[in-house]
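For reference, the structure is listed below as structure tokens.
Just so it is clear, the model here is predicted, and its values are computed rather than measured. Just so we're on the same page: letters track the sequence lines, and every chain starts at 1. These values consider heavy atoms only, across backbone and side chains, with no hydrogens, waters or symmetry-generated copies.
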Amino acid sequence: MNLRGPVVEARDPRTVETSRGTSELAEVLLRPERGAREPVQVTLWGKWTGTADLLEEEMDLLVTDVEEREFRGETQYTTTGDSAVVVEPDFLVDVTDIRGWVQCPRVYYLNKLTGVPLKYPVVKGTVVHEVFGDLLRGRDLEDSIEERVAEAALDIGLLGETADSVADDVRQNAAAIEGWLQQGILDDDADSWRSEQTLISERFGIKGRADAVRRGMPVELKTGKNTTRDPRFQDKVQAACYALLLADSVADAPDTGTLLYTKNTALDRSEASGDLSPAKEFSIGGGFLKFVLRQRNEIAAAEFDMAVPTGYEADAKCEYCFEQDTCMVVAGRLDQESKAGQIGESLPKAERDYFERFYRAIEEERREVHREYRKLWEQSAEERADDDRALLDLEPLDREPVSGGRWRLRARRTSEAVSKIREGDRVLASDGHPTRGTAELATVEELGEEIVVTADEPFDLRRLDVYPSEIGVDRQLNGLHDAILRGDPDRKDVLFGRRDPEFSGPRETYIDNNDAQDEAVNAAVRADDFALVHGPPGTGKTYTLARTVRALVDDGERVLLSAFTNRAVDNAVEALEEQGFTDVVRWGSENGVRDDMQQYRMQRSGDPRERAAELQDAQVVAATTAACGSRALKQQQFDVAVVDEAGQLTEPGTFLAANLAHRFVLVGDHEQLPPVVRAENDLKESLFERLIETYPEAGVMLDRQYRMSQRVQYFSSREFYGGELRPATGEVAAQRLSDLPGVNADALPPELRDPVSFVDPGGAADGNTNPIEADRVAGIVQSFLDAGVDREDIGVIAPFRAQVAQISRRLPDVTVDTVDRFQGSSKEVIVISFVATDDLGSPIFEDYRRVNVALTRAKKALVLVGDEGALRSVPFYERMLEWADGS
DNA sequence: GCTCTGCGCAGAGGA
């Protein structure tokens, strides 16, 4: 049986005499999740005492295969030979992180901070792995090499290599792979192979992707050289991790691992020095697996504490370490204890404190991501049915092979469940359960009535789960590191309040009919450090931004154009296009970039020199902030970074773009949606907001809006912009529904005739929906349609996705969406469904900025639909109703 | 108790 629950007490390990000699043991009290609520005692024997040493109160602990015994009338538990002890099992540790930690815990920490830079061996290694996978899927070697090298063209070009030289290099590794494959292929049927298998273990708290699995045993491919007789220790650790991932218990894990060192050439093999053949098999014993688990536990415990490793935890020798210099520099800058020592001067205390504060904030966010992994397996199917992170009960239709040995799987929906999964997403596709059945990482191709995904293996498609990714937090950590540890000291002086931002150069007229916009462009062009452009709804923020980019380009500057979302980046590129400027390289994935912007998208595949030149020569590069942290963009340099929707970015997220440029311009509105974060911490406030509060003189507010009528904009202007937001012209102010061609406003029912109105439909909230209210919303929309308003001119907004689905079902041809997804667009008529009836208990109503976004999407008419009592219970919403009432 | 996008996912290797 297994025991699991939070640790109540971990007693110090001690030595005892047993019938079999001297042994170590540690007693732990934990509160079991199931059954008895009282704490129970479990004794950890032998080397598990090392794990016991890591335990703290409230840590989640899992002990498998325990033995039960009675002691003085009390039931106690003890580890057996088959037991595994797992600290914080929900914290899924990556296999490569365990590998790094075994080398040295500081290697693990530094990898997290800095990421892996663009280097030839890494790029070639990736290509060889892809070719290996292709060979296993039965592909022709030369075809594979040609295509895989072409796919890596940009990286190869940036490194100054040619396709031919890389292909030659890859061929050498591939020869070793082919030779080895041919040995085994005679007695091996193709079905006993799996390549690139993504594995998740809820039991051991590990995740990773195995290069290959052959007859249930892990095969790990290495493209570097291994000149010793035995496999490298950390490589064995890596293979052992995959062995654990393939098992349900330590006892039935595969007992053999294969390491394929493909750089060990025929020449090496003929040398008298011994066996340097590429394939090295080694046995994986229970003791080794438990060692690997204890290493994994050390990481989980360190993450629980957010401890910074010193290097003394390992007996690795620093002088042989590739990270030695980085290690010493980081230790020196942050005044950390490090086995390698410190080098250089430490940063000012304010900067070290800032780093520490944001490091912790990002790591808290990482924990929240890990909580989402747990959802993959913790709930029963019935509970998952309510959960929008999965699509369940799909009915498998068929499967067909596609190019490259991959498969297209099709299925049909059997319910109308709402899910957050979208086309293009990477998901875990499974035949029933994402960690217990057959599961593969797959790409969603179609998500209509019929569901189509592509995956590496064929199986019956019955379920899709969101696959949580840590890349967002990883990138933010890199952004933080680069800004604080590698950042320009001159810039940091301003960021940390040691001097004021400066502006220089002559003023010019860029926009002659809007003073604030003109002032904003001037500020951006004249900024020596940064400029802040505050753009409330409808004020021409994106137009001003595009004008700014053009002015900078005219001055010969190289510009990085960035924003948090792909949608905002595309909008900015579109605004440039509207101003006749199209010399832009759009960096992004095919799926992320809007169809009509694909023409600007940089292809990564092709000829290395051409691809590299395309990026390096681009005057304007447009990319999301997360993409700015990618290996290729990270080594680009710009004069100015112009960041749109900056109010939606965390501070480290903003740095990802700002780090690449000498100066930066932030454009946004901190009175609209804040950054999307799960944890409650410093990440919630944007750098834009903090800087505008600290240096109001570095900011320009665009105060004239071109969107809303006077009546519509009034409440937002008063509540959020100190009454300073005004209609740009009398025409904007006085616009009416009847201005629209074919619209007869008199045909509307009386309660909808005022440009801002409120309707209480009755009904009751049922979870996050209110069906009666949804009916009424549909009726209201119908009234506008009947009065002659076009469908495309109407938008419906609801706070919850569930209500959005309810309303969409009633209005299939009208745009219905959540507030969050409506930001950045507008409609002539907006209907808002507030859903809540008893009170505004949901936190979604607490952030009034979300309401500001919803209210300011409307140009001519706005209808608020909700429960009057609930809305009047909060002063802010009460004022909103008064505004809607008083015409 | 809620909204949510981003990222070639994780791992490629150096001696």
Side-chain angles (χ1 to χ4, degrees), chain A residues 94-97 99-100 103 111 115-130 132 151-152 155 196-199 207-211 220-228 232 234-235 238 263 319-323 388 420 422 425-428 440-443 467-476 563-569 588-592 604 623-632 645 648-649 653 656 673-678 767-768 798-804 817-823 835-836 840-847 849-850 853:
Chain A
D94 271 325
V95 171
T96 42
D97 284 337
R99 185 181 202 268
Q103 288 176 68
N111 282 346
V116 179
L118 185 63
K119 283 187 181 164
Y120 179 72
V122 178
V123 172
K124 191 202 81 173
T126 306
V127 173
V128 174
H129 275 77
E130 283 163 348
F132 177 57
E151 278 172 7
D155 283 349
E196 288 176 28
Q197 193 174 358
T198 297
L199 299 160
K207 67 181 159 81
R209 193 169 69 188
D211 287 340
E220 176 59 23
L221 179 73
K222 292 290 161 196
T223 53
K225 199 159 178 167
N226 176 240
T227 49
T228 57
R232 248 187 236 101
Q234 62 262 35
D235 295 346
Q238 192 177 355
K263 206 177 178 179
E319 56 266 38
Y320 300 140
C321 177
F322 292 99
E323 308 296 340
D388 55 11
K420 66 190 312 177
R422 304 228 154 80
D425 282 358
R426 276 307 249 180
V427 293
L428 263 182
E440 283 279 332
L441 218 45
T443 307
Y467 185 72
S469 165
E470 284 171 70
I471 197 153
V473 285
D474 284 338
R475 289 277 161 93
Q476 289 189 71
F564 178 57
T565 62
N566 274 307
R567 191 160 37 164
V569 174
S589 64
E590 187 177 358
N591 187 249
R604 294 179 214 185
T624 59
T625 46
C628 290
S630 68
R631 254 180 1 205
E645 305 275 22
Q648 281 188 73
L649 279 163
L656 283 167
L673 294 175
V676 174
V677 288
R678 298 163 182 86
N768 291 328
F800 308 113
R801 220 172 325 126
Q803 179 77 348
V804 166
D817 230 323
T818 55
V819 186
D820 301 62
R821 289 166 60 80
F822 241 105
Q823 173 150 334
V835 182
L840 304 182
S842 171
I844 203 150
F845 295 107
E846 284 168 17
D847 198 334
R849 290 176 289 188
R850 184 169 270 109
V853 174

For [N], take OP1 and OP2 only and decide whether either is under 4.0 Å from a side-chain N or O of [X].
| X | N | answer |
| --- | --- | --- |
| A:Lys119 | B:dA12 | no |
| A:Tyr467 | B:dA10 | yes |
| A:Gln238 | B:dA12 | yes |
| A:Thr223 | B:dG13 | yes |
| A:Thr96 | B:dG11 | yes |

I'd like to check the salt bridge (Lys or Arg N to Asp or Glu O under 4.0 Å) partners of [X]; sequence neighbours left out, ordered by chain and number.
| X | value |
| --- | --- |
| A:Glu130 | none |
| A:Asp155 | A:Arg631 |
| A:Arg99 | A:Asp235 |

Separation of atom [atom1] in [X] from atom [atom2] in [N], rounded to whole Å:
| X | N | atom1 | atom2 | value |
| --- | --- | --- | --- | --- |
| A:Glu151 | B:dC9 | CD | P | 15 Å |
| A:Glu220 | B:dA10 | CD | P | 15 Å |
| A:Lys222 | B:dA12 | NZ | C1' | 8 Å |
| A:Leu441 | B:dG8 | CG | P | 14 Å |
| A:Arg99 | B:dG14 | CZ | P | 10 Å |
| A:Lys124 | B:dG13 | NZ | P | 9 Å |

Within the structure shown, what part of the strands sits under 4.0 Å from [X] by heavy-atom distance: base, sugar-phosphate, or nothing?
| X | answer |
| --- | --- |
| A:Glu846 | base |
| A:Val127 | nothing |
| A:Glu319 | nothing |
| A:Gln803 | nothing |
| A:Thr625 | nothing |
| A:Asp211 | sugar-phosphate |

| Counting side-chain heavy atoms from C-beta on, which of B:dG11, B:dA15, B:dG13 comes nearest to A:Phe322? | B:dA15
| task | Identify which nucleotide among B:dG14, B:dG13, B:dG11 has an atom closest to any side-chain atom of A:Asp94, counting heavy atoms from C-beta outward. | result |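 Looking only at heavy atoms from C-beta outward on A:Asp94, the closest nucleotide is B:dG11.
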| query | When the C1' atoms of B:dC7 and B:dG11 are considered, how many whole Å apart are they? | reply | 15 Å
| Nearest-Å distance once atom C1' is located in both B:dA12 and B:dG8 | 12 Å
| note | Heavy-atom contacts, protein to nucleotides 2-7 of chain B, under 4.0 Å, summarised as B (base), S (sugar-phosphate only) or - (none) per nt, yield BBBBBB
| request: State the dot-bracket string of DNA chain B. Criteria: Watson-Crick or G-U wobble, both atom distances under 3.5 angstrom; notation: ( ) intrastrand, [ ] crossing earlier pairs, | interstrand, . unpaired. | output: ...............
| query | Pick one: which of A:Lys222, A:Gln238, A:His129 meets side-chain hydrogen bond (donor to acceptor under 3.5 Å, both in side chains) with A:Asp211? | reply |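 Exactly one pass, corresponding to A:His129.
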| query | Hey, does A:Glu645 have a side-chain heavy atom less than 4.5 Å from the side chain of A:Arg567? | reply |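 Counting from C-beta outward, A:Arg567 and A:Glu645 never come under 4.5 Å.
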| query | Is there side-chain contact between A:Arg209 and A:Leu199, with at least one heavy-atom pair below 4.5 Å? | reply |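 Not touching, per the 4.5 Å side-chain cut-off.
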| What residues, two or more places apart in sequence or in another chain, satisfy side chain to side chain donor-acceptor pair (under 3.5 Å) together with A:Asp97? |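 A:Asp97 satisfies side chain to side chain donor-acceptor pair (under 3.5 Å) with no residue once adjacent residues are dropped.
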